[in-house]
Protein chains: 2
Amino acid sequence: MSEETSTYRVENTESQMRKGFLEFPVLLIIGSKSTYAPDILKQLKTANLLVVEGTLYPLLSRLKRAGLVAYTWEESKTGPPRKMYSITKSGQEVLSKLESSWESLNSSVNSLIKKYEVGKK
Amino acid sequence: MSEETSTYRVENTESQMRKGFLEFPVLLIIGSKSTYAPDILKQLKTANLLVVEGTLYPLLSRLKRAGLVAYTWEESKTGPPRKMYSITKSGQEVLSKLESSWESLNSSVNSLIKKYEVGKK
DNA sequence: TATTAGTACCTTGTATAACAAAGTACCTTG
DNA sequence: CAAGGTACTTTGTTATACAAGGTACTAATA
């Protein structure tokens with residue numbers, strides 16, 4: 001029994017791959033220069049990391065709550081005030097660790113690929 | 001209000017980074033050679049991708065249900081019978097796509113690092 | 001033939017990330 | 001003051017990972 005086969009959501013693989021990753025790129029962006037949500041969205045999009053509002057805002061709140069970023073309100077000439085986020089000292093430390101984690105994961109996966117995909121094109 | 005600061009679970013960053021990724025390495029391993037759960041766990045551990053039983057078994061069930069892998073029971077001389085998993089044709093196709101996704105995510109993140117971490121050590 | 005240890009597989013409950021969708025509020029312009 | 005754009009927020013859903021505990025088969029041994 002239970003021989004049913006469901007279709008595999010290929011369209012979601014990139015999205016699934018990103019789970020839990022986003023804090024790294026987002027911290028990277030904020031760490032480089034103070035900025036606000038819609039601009040972060042643009043930068044992520046430019047880097048081909050598509051993210052939506054409903055993902056980013058809660059993420060920023062989490063980073064704030066964790067003390068990794070801080071924000072100040074800033075006037076805008078084109079609309080309502082903006083929450084300008086900047087990275088904290090503790091955020092920089094975490095960012096370093098995230099980068100190490102990334103390197104490590106990266107080399108783990110790439111070594112697996114090398115090991116098992118040799119000779120494929 | 002709400003100025004509390006929670007501690008950031010640094011110990012979990014690697015684990016979080018892996019969310020949604022595992023099907024890629026697991027498919028890679030099974031695609032290379034038929035094998036069974038405890039051996040997959042060993043191979044992942046060797047590659048520094050720590051995973052626990054409670055994660056792997058449901059993942060294998062999902063891959064099976066999706067038709068990406070199949071299994072046959074095989075006798076063992078050292079214990080109970082094993083579910084030997086092998087990749088299916090459809091699994092190979094998904095594996096290719098996952099590899100592309102990985103390359104793409106990889107280069108996206110690395111380009112962000114290059115862009116924003118220039119000059120840091 | 002119980003008992004024990006080792007191997008293999010499975011399930012349940014919890015936490016949490018990502019997302020879609022909808023909503024609130026501010027600002028400028030006509 | 002209505003309309004449109006900008007910015008921020010929230011709610012409900014889906015799905016992954018994990019901890020912890022459980023079931024079951026096999027072989028060795030008392």
Side-chain angles (χ1 to χ4, degrees), chain A residues 1-2 6-27 35-42 44-45 49-66 69 71-85 98 105, chain B residues 1-2 6-9 11-27 35-42 44-45 49-66 69 71-85 98 101 105:
Chain A
M1 286 101 250
S2 89
S6 58
T7 37
Y8 191 79
R9 316 109 297 141
V10 173
E11 347 74 55
N12 286 349
T13 55
E14 287 230 11
S15 154
Q16 286 175 49
M17 267 200 173
R18 281 202 316 266
K19 278 195 180 178
F21 265 78
L22 285 178
E23 44 195 33
F24 176 40
V26 167
L27 266 187
T35 183
Y36 65 111
D39 183 57
I40 295 173
L41 286 173
K42 266 179 220 144
L44 290 171
K45 190 175 181 183
L49 294 172
L50 295 182
V51 182
V52 296
E53 281 190 326
T55 297
L56 182 60
Y57 282 104
L59 171 55
L60 290 172
S61 298
R62 289 199 300 276
L63 295 177
K64 169 68 169 62
R65 228 178 305 123
V69 300
Y71 65 78
T72 55
W73 285 100
E74 195 163 292
E75 298 292 317
S76 159
K77 294 183 174 173
T78 58
R82 299 164 175 172
K83 279 189 174 175
M84 295 298 287
Y85 285 91
L98 284 173
L105 178 66
Chain B
M1 286 105 254
S2 88
S6 58
T7 37
Y8 191 78
R9 318 108 296 141
E11 347 76 56
N12 285 349
T13 54
E14 287 231 13
S15 154
Q16 285 175 51
M17 266 201 172
R18 280 200 319 264
K19 280 194 179 178
F21 264 79
L22 285 178
E23 44 194 34
F24 176 40
V26 168
L27 267 187
T35 183
Y36 66 111
D39 183 57
I40 295 173
L41 286 173
K42 266 180 220 143
L44 289 172
K45 191 175 181 184
L49 295 172
L50 294 181
V51 182
V52 295
E53 279 191 328
T55 297
L56 183 60
Y57 281 105
L59 171 55
L60 289 172
S61 298
R62 289 199 300 276
L63 295 177
K64 169 70 169 62
R65 229 177 305 124
V69 301
Y71 65 79
T72 55
W73 286 100
E74 194 162 295
E75 297 293 315
S76 159
K77 293 183 176 172
T78 59
R82 300 164 173 172
K83 278 189 174 175
M84 296 297 287
Y85 284 91
L98 284 173
S101 292
L105 178 66

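Numbers restart at 1 for each chain; the letters A, B, ... are given by sequence-line order, proteins then strands.
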Specify the separation, in whole Å, of atom [atom1] of [X] and atom [atom2] of [N].
| X | N | atom1 | atom2 | value |
| --- | --- | --- | --- | --- |
| B:Phe21 | C:dA17 | CZ | P | 16 Å |
| A:Trp73 | D:dT6 | CH2 | C1' | 12 Å |
| B:Glu23 | D:dC18 | CD | P | 13 Å |
| A:Leu60 | D:dT10 | CG | C1' | 15 Å |
| A:Asp39 | D:dC8 | CG | P | 11 Å |
| A:Ile40 | D:dT9 | CD1 | C1' | 15 Å |
| A:Leu56 | D:dT6 | CG | P | 17 Å |
| A:Leu41 | C:dA18 | CG | C1' | 13 Å |

Closest non-hydrogen atom pair between [X] and [Y], with its separation:
| X | Y | result |
| --- | --- | --- |
| B:Pro58 | B:Glu53 | CD-O, 4.0 Å |
| B:Pro80 | B:Ser76 | O-CB, 3.6 Å |
| A:Leu60 | A:Val69 | O-CG2, 4.3 Å |

Enter the distance from [X]:[atom1] to [Y]:[atom2] here, rounded to the nearest 0.5 Å.
| X | Y | atom1 | atom2 | result |
| --- | --- | --- | --- | --- |
| B:Leu98 | B:Leu105 | CG | CG | 11.5 Å |
| A:Leu27 | A:Leu22 | CG | CG | 11.0 Å |
| A:Lys45 | A:Lys42 | NZ | NZ | 10.0 Å |
| B:Tyr36 | B:Leu41 | OH | CG | 10.0 Å |

**Report entry** Side chain to side chain, B:Lys83 and B:Trp73, heavy atoms closer than 4.5 Å
**Finding:** yes
**Report entry** Proximal nucleotide (of D:dA7, D:dT10, C:dA20) relative to the A:Tyr36 side chain
**Finding:**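 It is D:dA7.
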Query raised in the report: Residues two or more places apart in sequence or in another chain: which of them pass side chain to side chain contact (heavy atoms under 4.5 Å, CB included) with B:Thr35?
Result: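 So B:Thr35 forms a side chain to side chain contact (heavy atoms under 4.5 Å, CB included) with B:Ile29, B:Ile30, B:Asp39, B:Ile40, B:Gln43.
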Side-chain N or O of [X] closer than 4.0 Å to phosphate OP1/OP2 of [N]:
| X | N | answer |
| --- | --- | --- |
| A:Arg82 | D:dT6 | no |
| A:Tyr57 | D:dT9 | no |
| B:Arg62 | D:dT14 | no |

Query - Base-pair map of DNA chain C as dot-bracket, where | denotes pairing with a different strand and pairs are Watson-Crick or G-U under 3.5 Å - result: ||||||||||||||||||||||||||||||
Report summary line: Heavy-atom contacts, protein to nucleotides 21-30 of chain C, under 4.0 Å, summarised as B (base), S (sugar-phosphate only) or - (none) per nt, yield B----BSS--
